[in-house]
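Structure first, commentary second.
Letters A, B, ... are given to chains in the order of the sequence lines, protein chains preceding strands, and every chain is numbered from 1. Remember, it's a predicted structure, so these values are computed and weren't measured experimentally.
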There are 2 protein chains.
Amino acid sequence: MSRRVRCPIASTLDIVGDRWSLLIVRDILRGHHRFSDLRETVEGIPSSILSDRLKVLEREGIVARRPYSDRPPRSAYTLTGKGHALGVVVGALSSWGERYGEHDLSIVDNACGHGVSLVYHCETCNRAAPRNRVRLVES
Amino acid sequence: MSRRVRCPIASTLDIVGDRWSLLIVRDILRGHHRFSDLRETVEGIPSSILSDRLKVLEREGIVARRPYSDRPPRSAYTLTGKGHALGVVVGALSSWGERYGEHDLSIVDNACGHGVSLVYHCETCNRAAPRNRVRLVES
DNA sequence: AGGGGTAAGTTCAATTTCTGGACTGACCCC
DNA sequence: GGGGTCAGTCCAGAAATTGAACTTACCCCT
């Protein structure tokens, strides 16, 4: 997979822009850390692909492999900070899917239990930026 | 491409979870509406793939094809509301790419010019929901 | 009227990637 | 010693992708 580095969107898609990687991230976020666990929860993923993607995600610093047994060799997969940050991408995909399809999963705020949406926010001004006011610009 | 409908994330990825679709959305968002335009701006996309993806995105109600000339046949591609909503996904990919790589594009609020980030927001309580407080739950 | 250029695709063979299933090795428990 | 689990690997067939060439239908210029 060759890299298209100029654009942060393209370069991100070069890493996780396939049918499976973000589902693996989703399930590690949901607390599934073992290979067999992920093979079951990531809908229909072949174990060869799971093995391959975990290696790529580890190489990219998105997941960390932590052996929890030497003999036999067993690993648990967790998200690094970089990997955890992909939660927003997963959240955005989920929001869109919830809005435009019928499903049985949603993202909620644990504190109030209500569904949440994703909005743009300007840290400097400390206010929301409406969707139609944001632009993609060269810096 | 078979469909994994249970989960909104999986079903969204079934539609736009490939190397090109979201780049096409990105560029239509940036104001590129014609086939030849997209072929140039979507980094290195083969025209056969562009043609194919535009058909899929049209079938999914994400882009609308509007002929602007009959003879010779010429079309412009625009985003539907559903397609425009994918801007948040593109924004999330961009934020992540900006944070974890070096690039020359960023998302800014047109009003103040500052870079913006994506945050979860509970409409009901009208307050932000911190990342670590949101969960993916069955509804 | 002929030549060159552009826009929007289509076609195709070669390559790459994905898929599903079988298989392996190293254990553990009974 | 038999059966089960876990974490993968291996492989052949199927499917998707790639790059390049080609097509159709104009327009402009001279």
Report yes if at least one side-chain N or O of A:Arg53 is closer than 4.0 Å to OP1 or OP2 of C:dT17; otherwise report no.
no
Applying side-chain contact (heavy atoms from CB on, under 4.5 Å) to A:His114 and not counting sequence neighbours gives A:Cys112, B:Cys122, B:Thr124, B:Cys125
State whether the number of non-hydrogen atoms from other residues, nucleotides or ligands found under 6.0 Å of A:Arg66 atom CZ is greater than 12.
no
Let me know the distance between CG of A:Leu50 and C1' of C:dG21, rounded to the nearest Å.
16 Å
Distance in angstrom units between A:Leu23 CG and C:dC18 P, rounded
14 Å
Rounding to a whole Å, what distance do you find between B:Leu13:CG and C:dC18:P?
14 Å
Check side-chain contact (heavy atoms from CB on, under 4.5 Å) between A:Glu123 and all other residues, then give those that pass, not counting sequence neighbours.
A:His121, B:Ser117
Heavy-atom pair of closest approach, residues B:Asp109 and A:Ala129:
OD2-CB, 3.4 Å
Closer than 4.0 Å, any side-chain N/O of B:Arg39 to the OP1 or OP2 of C:dT10?
no
Roughly how many Å is it from CG in B:Leu38 to P in C:dT6, rounded to a whole number?
18 Å
With ring-ring contact (aromatic ring centres under 6.0 Å, His included) as the rule and sequence neighbours excluded, what pairs involving residues 74-97 of chain A come up?
A:Trp96-A:Tyr100
Pairs under 3.5 angstrom, nitrogen or oxygen only, protein versus nucleotides 27-30 of chain C, please.
unit_1: C:dC27; atom_1: OP1; unit_2: A:Arg71; atom_2: NH1; d: 3.4
unit_1: C:dC27; atom_1: OP2; unit_2: A:Arg71; atom_2: NH1; d: 3.0

Tell me whether the OP1 or OP2 atom of C:dT10 has a side-chain N or O from B:Lys55 closer than 4.0 Å.
yes
Student check: side-chain heavy atoms of A:Leu13 and B:Arg19 closer than 4.5 Å:
no
With a 4.0 Å cutoff (strictly under), does any side-chain N or O of A:Tyr77 reach OP1 or OP2 of D:dG8?
yes
Let me know the distance between CG of A:Asp52 and C1' of D:dG8, rounded to the nearest Å.
12 Å
B:Leu54 CG to C:dA7 C1': how many Å, rounded?
14 Å
What protein N or O atoms touch nucleotides 18-22 of chain D N or O atoms at under 3.5 angstrom, if any, and at what distances?
unit_1: D:dT18; atom_1: OP2; unit_2: B:Trp20; atom_2: NE1; d: 2.9
unit_1: D:dG19; atom_1: O6; unit_2: B:Ser48; atom_2: OG; d: 3.3

So which heavy atom on A:Arg53 is nearest to which on A:Trp20, and how close?
CG-CB, 4.5 Å
Can you tell me the distance, in whole Å, between the CD atom of B:Glu40 and the P atom of C:dA8?
11 Å
Suppose we screen for side-chain contact (heavy atoms from CB on, under 4.5 Å). Which residues come up paired with A:Val108, at least two apart in sequence or across chains?
A:Ser106, B:Val137
Find the distance A:Phe35:CZ to D:dT9:P and express it as a whole number of Å.
7 Å
Taking side chain to side chain contact (heavy atoms under 4.5 Å, CB included) as the criterion, tell me which of B:Asp27, B:Leu23, B:Leu29, B:Ile28 meets it with B:Val25.
B:Leu29
Starting the side chain at C-beta, find the nucleotide from C:dG9, D:dA7, D:dT9 nearest to A:Arg34.
D:dA7
